[in-house]
Participant: 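Provided herewith is a single structure, encoded as structure tokens, for subsequent inquiry.
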Amino acid sequence: MILRILGLLSIFFGFLVLKYFPGMSDYQQNGMTSFGILIGIVLSIIGVILLIAG
């Protein structure tokens with residue numbers, strides 16, 4: 001049960017990072033935008049794995 005809750009939270013935070021991470025047009029370099037997208041995707045994948053394993 002705890003793993004499913006952590007999975008849902010991880011998917012939620014991954015979505016927030018993907019949606020609200022500042023774009024490269026704001027104030028940061030292109031590499032930072034790619035890193036933010038990578039973190040969001042990794043969090044979402046971990047959340048799905050936790051949902052399946054839990």
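Sequence positions, counted from 1, serve as the residue numbers for this chain. All figures in this text were calculated on a predicted structure; none of them were measured in a lab.
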Participant: According to side-chain contact (heavy atoms from CB on, under 4.5 Å), who are the partners of Ile37, at least two apart in sequence or on a separate chain?
Facilitator: Leu18, Thr33, Ile41

Participant: Considering residues at least two apart in sequence or located in another chain, which fulfil the side-chain contact (heavy atoms from CB on, under 4.5 Å) criterion with Leu51?
Facilitator: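 For Leu51, the residues satisfying side-chain contact (heavy atoms from CB on, under 4.5 Å) (neighbours in sequence not counted) are Arg4, Leu8, Ile11.
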
Participant: What is the minimum heavy-atom distance between Gly47 and Ser10, and which atoms define it?
Facilitator: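 In this case the closest contact between Gly47 and Ser10 is N-OG, 3.5 Å.
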
Participant: Consider side-chain contact (heavy atoms from CB on, under 4.5 Å). Of Ile45, Ile46, Ile52, which one does Val48 pass it with?
Facilitator: Ile52

Participant: Indicate if Phe35 and Leu43 have the same hydrophobic cluster label, given that clusters are the connected sets of ILVMFWY residues with side-chain heavy-atom separations under 4.5 angstrom.
Facilitator: yes

Participant: Minimum heavy-atom separation for Gly7 and Leu50, please, with both atom names.
Facilitator: CA-CB, 3.7 Å

Participant: Output yes when a side-chain donor or acceptor of Ser44 lies under 3.5 Å from a complementary backbone atom of Gly40, and no otherwise.
Facilitator: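 Present.
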
